[in-house]
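One structure is given below, encoded as structure tokens.
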Amino acid sequence: MSQLRDLYQEVIIDHGRHPRNFGILSQANFTKEGFNPLCGDRVCLYILKTAVLDDIKFEGAGCAISMASASLMTEVLKGKTPDEIDKIFEDFHLLVTTGKCPNEVGKLASLAGVSEFPARVKCATLAWHTLKAALAGDQHVVSTE
Ligand code: ZN
């Protein structure tokens, strides 16, 4: 179990240091900023969505958890339908708040340990709440506070 835990931490460190899909997406039809004042994490999402989430990129700065979560989110959600995104969002939220999830969540499982640190849950969910608000057409900057 401790080896599994080490592996998960490697995934977080790797994605935190080398975020995937990092940068601006010029053809984005949704953009959204999110801010977590508790930790100082900031993300800006660039989304190209038609019937599915065709492409997503992000920029931002913050702790390893926030950057890794945003990076993993872009990988996991690309190509997904709105219904699939809702389902994954629910699974992810359950995972980071309770540490377990009934469904297979793949690489996202690396963030299960966040549930042991309630203050970090906002770091892990920042990009996800920002995505939800972007797709809902909410004009305000997302704040976790
Ligand atoms: Zn943070």
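Each ligand, and each atom within it, is numbered from 1 in the order the structure gives. Any value given below was found using the heavy atoms of this structure, including those in side chains, with hydrogens, waters and symmetry copies removed.
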* **Results of side-chain hydrogen bond (donor to acceptor under 3.5 Å, both in side chains) for Thr81 - residues two or more places apart only** => Glu84
* Asp14 and Arg20 ion-paired at < 4.0 Å -> yes
* Asked: In terms of side-chain geometry, is the basic nitrogen of Asp55 or Lys49 positioned less than 4.0 Å from the acidic oxygen of its partner?
  -> no
* Would you mind checking if Asp83 and Lys87 are paired as a salt bridge, meaning a charged N to carboxylate O distance below 4.0 Å? => no
* Under-2.8 Å protein N/O/S neighbours of the Zn ion (ligand 1), ordered by chain then residue number -> Cys39 SG, Asp41 OD1, Asp41 OD2, Cys63 SG, Cys123 SG
* Spacing of Asn36 atom CG and Thr130 atom OG1 [to the nearest 0.5 Å] -> 9.5 Å
* Asked: Is the His15 to Phe22 ring centre distance short of 6.0 Å?
  -> no
